[in-house]
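Naming convention: chains lettered A, B, ... in sequence-line order (proteins, then strands); numbering from 1 in each chain.
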2 protein chains.
Amino acid sequence: MASIKDVAAEAGVSVATVSRVLNDHPSVSEDARTRVLAAVQTLGYRPNAVARSLRTDQTRTLGLVISDVLNPYFTELARSVEEEARALGYSVIIGNADERPDLQDHHVRTLLDRRIDGLLVSPADGGSPGMLDAARAGTPMVFVDRWIPGVDVPVVRADGRTAVRDLVAHLHGLGHRRLAIIAGPAATTTGSERVEAFREAMAEHGLPLPDAYIGQGDFQAESGRRVTEGFLDLPEPPEVVFAADNLMALGALDAIRARGLRVPEDIALAAFDDIPWFVHTDPPITAVAQPTGELGRAAVRALVDRIEGRPPQSVTLAARLVVRRSCGEPAPTPHSPVTNRSTS
Amino acid sequence: MASIKDVAAEAGVSVATVSRVLNDHPSVSEDARTRVLAAVQTLGYRPNAVARSLRTDQTRTLGLVISDVLNPYFTELARSVEEEARALGYSVIIGNADERPDLQDHHVRTLLDRRIDGLLVSPADGGSPGMLDAARAGTPMVFVDRWIPGVDVPVVRADGRTAVRDLVAHLHGLGHRRLAIIAGPAATTTGSERVEAFREAMAEHGLPLPDAYIGQGDFQAESGRRVTEGFLDLPEPPEVVFAADNLMALGALDAIRARGLRVPEDIALAAFDDIPWFVHTDPPITAVAQPTGELGRAAVRALVDRIEGRPPQSVTLAARLVVRRSCGEPAPTPHSPVTNRSTS
DNA sequence: ATCCTCCATGTAATCGATTCCACGAGGAGG
DNA sequence: CCTCCTCGTGGAATCGATTACATGGAGGAT
């Protein structure tokens, strides 16, 4: 592969001049510029990003460590992150932690070894050692979706509190009284916050929330299935199951169907995180939707601000309730255009 | 960030010795080794992968360019690719082309600039210029899922021919005669092959396949919806719609429901590419399943073989039919464990 | 005792870029 | 006509690693 030296030789100038042309430094004669550009053409030269990074100490690359690529929520997040980063002249390297702290650490380490300019993380747990080190070492970093309390890193996330309250109000309005939740890992902020919001909203409506109605999941479908089976085995099963993420909701749906029960007639179902597929399941699933794309873009902007020396800002966006049919009431316009997005 | 020089100073040895310890070269005294390791510890030193890559001319990184991250099929592929690559000591950088040749080119170029050791591609179209250049320039490369005819690059893919024949036989056996297909872009191999296989299978059963029953999609949900609407508007609509990928199948499902029709009573639906969600839709969707994980792993192995000087092998695995209820016949065990994976 | 080998180590070149500094030419100003 | 700037350019240092080559000391063989 042709190097800058070859280009210099071909153009009859020094490597310094070639470099100047490539970085359009003002002080280059028109003549030299055209000769260099021609040489670049004929040789099909492309600058070696590795060498450039070594010299300039910047890679123009962002690392993104997500908890689970198989979760459509994170996929959409990753897509918007890459899009915004590209618009700002950065590339993104994605690391998939599969909800495992050790894998998360592996990716953080690898990313740091590559000297990425900044790190976007949605921590899989309370904070793996490698991540904390990175934060302490001053690597530009931004948390997205989930975060770690007590660590001084900007956070870009959605606040589901209001939407969860709306959801509970909606369910209460439909006459449901026994509501259960499938929680995410307590070590994740999204895991604990959603339960917290749910608990508060229940209290506001004077509804009891017995421990038996709080199931411990891990954001994976299998756990949703297991917890739901537990609920159905109770002497007095809940009337509604609220899953703290979309994968657990699908596990729940599966468990319900396996018993031959119908949604919403026999038991209602709602989920946190709206995904396109919820429109297509039968019945369509009522969910709390995060502004995922905007979250990803805001996170990139915050991180790039931090990298380029501007003060980064934490951002909290609102989530909103999308009512569909899985809780009993038909959505306002059952067969309207396509994405049935009515806010309660 | 500490460099190898700092470690050398701390340990009281030369950088050469430090490097030897780090790459466990045999010729290092036990004493030196322990001193270096101690210095590495106290300084929290991590080798700079950028500098190392520049010198050794290898990055131990693979590029993976996929057509659409939002498609669960590619997500699963990406996951298995990363897993196998990690096991072999490589990292993976994913580029999402969003089915756009220009974006695909952008990612190929960026990846090449970073001097990745090899490239795994599922080409979004007949072959963008940058990709063909890369192939011609001798970059180690392997096509996965889709490929480009006439380019001398190993291909790892699934052959759906038999499964499609099984599908048509299944549909024929259920009494369906008017079968329509939503095809993918003709420029992609998977786009044309699936239609081809379908056409042949129809011929074998003596069934006609009028042009009106071949809709042109682009592997995105919206096109599935549009094409399906066209089918339903025909004077004699088909009895079955077969979508050439999972996203178009969901678009089709949506269009069907929007008309208030039922699956499979009013119209049957089948898809290429099985994904977990097909178990959860109502009715569960009959699909042709690819061994996605195995495909990803085999592709990585072939690419790494090529990179490390061993002869790479093209691989073709079989896809298989998974019968569910969307075509009329109840699946053999309607409420069996979970993943309803019965082969026809 | 001498010579040869081998082992541990250090010095320095190298990878491909960027960038500081020096230098020569040419133009402006005194 | 001389001085001083500015502009275009090239030489060379530099980033942080790896590695070929040189070196000196220890140990074995004769």
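- For Ala32(B) and Lys5(A), each mapped to the nucleotide of DNA chain C holding its nearest heavy atom, the one lying further toward the 5' end belongs to Ala32(B).
- Distance from the side chain of Ser27(B) is smallest for dC7(C) among the nucleotides dG10(C), dC7(C), dG8(D).
- Distance Ile4(A) CD1 to dC15(C) P: 14 Å, rounded to the nearest Å.
- In this entry the distance linking CG of Asn23(A) with P of dT19(C) reads 7 Å, nearest Å.
- Straight-line distance from the CG atom of Leu54(A) to the P atom of dA13(D): 17 Å, rounded to whole Å.
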Could you go through the salt bridge (Lys or Arg N to Asp or Glu O under 4.0 Å) check for Arg100(A) and Glu83(B) one step at a time?
CA-CA 13 Å; Arg100(A) 284 168 44 191; Glu83(B) 217 160 53; 5.9 Å; no
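- In this model, the phosphate group of dT18(D) is approached by a side-chain N or O of Ser19(B) to a distance below 4.0 Å at OP1 or OP2.
- Taking atom CG of residue Asp113(A) and atom P of nucleotide dA17(D), one finds them 10 Å apart after rounding to whole Å.
- Residue contacts for Ala49(B): at a heavy-atom cut-off of 4.0 Å it reaches no nucleic acid atom on any strand shown.
- Residue order along DNA chain D, read from the 5' end via each residue's closest nucleotide, puts Arg55(A) first among Tyr45(B) and Arg55(A).
- Distance CG (Asp31(A)) to P (dG8(D)): 12 Å, rounded to an integer number of Å.
- Sparse packing is recorded around CG of Asp152(B), with 12 or fewer heavy atoms of other residues, nucleotides or ligands lying under 6.0 Å away.
- Applying the 6.0 Å contact sphere to CD of Gln313(A) captures no more than 12 heavy atoms from other residues, nucleotides or ligands.
- Residues meeting the salt bridge (charged side-chain N to carboxylate O under 4.0 Å, His left out) test with Arg55(B), sequence neighbours left out: none.
- For the helix from dA1(C)-dT30(D) to dG30(C)-dC1(D), the terminal axes (five pairs an end, C1' atoms, rotation from four pairs onto the next four) enclose an angle of 50°, given to 10 degrees.
- As a whole-Å value, the separation of Asp6(A) CG from dC15(C) P is 11 Å.
- One finds no salt bridge joining Arg109(A) and Asp113(A) here, because no Lys/Arg side-chain nitrogen approaches an Asp/Glu carboxylate oxygen to under 4.0 Å.
- Look at Asn48(A) and you won't find any side-chain N or O under 4.0 angstrom from OP1 or OP2 of dC15(C).
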Worked check of salt bridge (Lys or Arg N to Asp or Glu O under 4.0 Å) between Asp305(A) and Arg301(A)
CA-CA 6 Å; Asp305(A) 279 346; Arg301(A) 283 194 295 267; over 6 Å; no
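- Atom CG of Asp24(B) and atom P of dT19(D) are 13 Å apart (whole Å).
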Let me have a per-nucleotide readout for nucleotides 20-27 of chain C, 5' to 3', with B, S or -, counting only protein heavy atoms under 4.0 Å.
B-------
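- Backbone-only contact: Val13(B) has heavy atoms under 4.0 Å from sugar-phosphate atoms and none from a base.
- Here dA12(D) is the nucleotide among dC15(D), dT11(C), dA12(D) with the atom lying nearest to any side-chain atom of Val15(A).
- Atom pair His25(B):NE2 and dT9(C):P shows a separation of 11 Å (rounding to whole Å applied).
- Within 6.0 Å of atom CG in Asp57(B), 12 or fewer heavy atoms from other residues, nucleotides or ligands are found, so the atom counts as exposed in its surroundings.
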Applying side-chain hydrogen bond (donor to acceptor under 3.5 Å, both in side chains), run through Arg146(B) and Ser67(B) and close with a yes or a no.
CA-CA 10 Å; Arg146(B) 310 180 185 175; Ser67(B) 319; 3.2 Å; yes
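- Contact annotation for Asp57(A): no contact, since no heavy-atom pair falls under 4.0 Å across all strands.
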For Met131(B) and Met141(B), run side-chain contact (heavy atoms from CB on, under 4.5 Å): C-alpha distance rounded to whole Å, both residues' side-chain angles, the deciding distance at 0.1 Å, then the answer.
CA-CA 10 Å; Met131(B) 249 213 36; Met141(B) 199 156 139; 3.6 Å; yes
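- Distances were taken from every side-chain heavy atom of Ser14(B) (C-beta onward) to each of dG10(D), dC15(D), dG10(C); the shortest belongs to dG10(C).
- Counting non-hydrogen atoms under 4.0 angstrom, Ser29(A) reaches the backbone sugars and phosphates but no base.
- Put simply, the side chain of Arg52(B) and the base of dT18(D) share no donor and acceptor less than 3.5 Å apart.
- Under 4.0 Å is where a charged nitrogen must lie from a carboxylate oxygen, and between Arg297(B) and Glu294(B) at least one such pair does.
- Distance from the side chain of Val28(B) is smallest to dT9(C) among dA17(C), dT9(C), dG16(D).
- By the 6.0 Å contact criterion, CD on Gln58(B) is enclosed, its count of non-hydrogen atoms from other residues, nucleotides or ligands being greater than 12.
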